[in-house]
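In what follows, a structure is listed as structure tokens, so that the remarks can point back to it.
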2 protein chains.
Amino acid sequence: MMINSRLAVAIHIMVLLASNPRETVSSEWMAGSVNTNPVVIRRIMGMLRKAGLLTSSAGKTGAELTKDPSDITLLDIFKAVEPKDELFSIHEKPNPACPVGRNIQSALDLTFTRVQTAMEEELRSQSLQDVMNMLSPKSIQ
Amino acid sequence: MMINSRLAVAIHIMVLLASNPRETVSSEWMAGSVNTNPVVIRRIMGMLRKAGLLTSSAGKTGAELTKDPSDITLLDIFKAVEPKDELFSIHEKPNPACPVGRNIQSALDLTFTRVQTAMEEELRSQSLQDVMNMLSPKSIQ
DNA sequence: TTTGATTGTCACTAAAATGGTGACAAATGG
DNA sequence: CCATTTGTCACCATTTTAGTGACAATCAAA
């Protein structure tokens, strides 16, 4: 399955922002914690900003969460960083002359929607605060 | 999210095999129903065969399911066609000198495992027969 | 105001995944 | 024997992803 690490990095960024004073969390500094390039951090921050999860501006170090970590779900973050949030795709144009081909798309659509919903509900059930609580108390500076 | 259509095509193949006499379901014929190249069908059939979901052999038209459709779950098919079945990946080597970087991986691992489990349980709850029942009776020849 | 640091964004790259395609040996069955 | 089919390989174009350098615009501190 095609997978990327954007959700993981986005959560990492959000935890850093929630756990540290603004002046300390430059994209360079976050890149050091995540172990990647600062541009990757800014790119993902841009998606989180467009989704309204944080505010930041050119020239000003760091960013700020717009909500309390307990009011931000992992589904919020997932949808922010995954423009195409569909888990599975259905093959195009199955043969309408075949009884199976003619009806398979709607059946698969129902099926895949249920799977997608199950995944999203689990993401919705976990908040950013929940993730932070899994880190040792020392990580919350 | 990067997504492929292998699960959709694999389910389509399995439905065709379950619904038609063996002599009629050549890879060429199935390719016609799915609307793709016969090699794509054979490639996915190869994965299903390795997973023990069907039997087929060179020179012999078609394939046969090894189990009753009601005993085959969509999770079985998913695992057959997705060698890397992990939904999300975690970024490599976060900085151990950072309190967040040091602990984020295990937290994300717990989190992502719960999401993955939710998805797999939903896939496990649906059988191939369930999908076939969603198609019109006419499609079961 | 000047200077240095930072963000936002662009363009480019390499790597990987995916699906389509042609080719062909091996096996099947008439 | 011979036409058909499977299993498999190699190759290709497309897409996605993450890393990187570059740079204008902005900010903040001296």
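Note on naming: letters A, B, ... go to the chains in the order of the sequence lines (proteins, then strands), and numbering restarts at 1 for each one. All of these numbers come straight from a predicted model, not from anything done at the bench.
- Straight-line distance from the CG atom of B:Asn4 to the P atom of D:dT17: 13 Å, rounded to whole Å.
- Side-chain N/O atoms of B:Ser5 include one lying less than 4.0 angstrom from OP1 or OP2 on C:dG19.
- Here the nucleotide nearest the side chain of A:Ala58, chosen from D:dA22, D:dA18, D:dT26, is D:dT26.
- With rounding to whole Å, B:Ile13 atom CD1 is found 11 Å from D:dT6 atom P.
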>> Evaluate B:Asp76 against B:Lys67 for side chain to side chain contact (heavy atoms under 4.5 Å, CB included), listing each step before the verdict.
In response: CA-CA 11 Å; B:Asp76 295 329; B:Lys67 292 191 269 186; 4.2 Å; yes

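- The interatomic distance linking B:Glu28 (CD) with C:dT28 (P) rounds to 21 Å, in whole Å.
- Using cut-offs of 30° and 60° for the angle between ring planes, the A:Phe78 and B:Phe88 rings count as perpendicular.
- Rounded to whole angstrom, the span from the NZ atom of A:Lys93 across to the P atom of C:dG19 amounts to 16 Å.
- As rounded to whole Å, 14 Å separates atom P of C:dG19 from atom CG of B:Asn35.
- Summarising the geometry, the separation between CZ on B:Arg22 and P on D:dT5 is reported as 13 Å, rounded to the nearest angstrom.
- Listed nucleotides: C:dA17, C:dT7, C:dT21. Nearest to the side chain of A:Ser56: C:dT7.
- A donor N or O paired with an acceptor N or O is found under 3.5 Å between the base of C:dT21 and the side-chain atoms of B:Arg43.
- For B:Arg6 and C:dA17, the CZ to P distance is 10 Å, given to the nearest whole Å.
- A side-chain donor from one of B:Ser56 and B:Arg49 sits under 3.5 Å from a side-chain acceptor of the other.
- For B:Asn133 and B:Gln129, the side-chain atoms include at least one donor-acceptor pair closer than 3.5 Å.
- OP1 or OP2 of C:dG20 has at least one side-chain nitrogen or oxygen of B:Thr36 nearer than 4.0 Å.
- When the side-chain nitrogen and oxygen atoms of B:Ser27 are compared with OP1 and OP2 of D:dT5, none of them lie within a distance under 4.0 Å.
- The phosphate of C:dA5 (OP1 or OP2) has no side-chain N or O of A:Lys60 nearer than 4.0 angstrom.
- A donor and an acceptor atom never sit less than 3.5 Å apart when one is taken from the side chain of A:Arg49 and the other from the base of C:dT9.
- Distance from the side chain of A:Val39 is smallest for C:dC10 among the nucleotides C:dG20, D:dG19, C:dC10.
- Picking from D:dG19, D:dC27, C:dT7 the nucleotide with the shortest atom distance to the side chain of A:Thr61 gives C:dT7.
- B:Asn35 contributes a side-chain N or O that, together with a main-chain N or O of A:Lys93, makes up a donor-acceptor pair within less than 3.5 Å.
- Protein atom CG of A:Leu17 is 14 Å distant from nucleotide atom C1' of C:dT7, rounded to whole Å.
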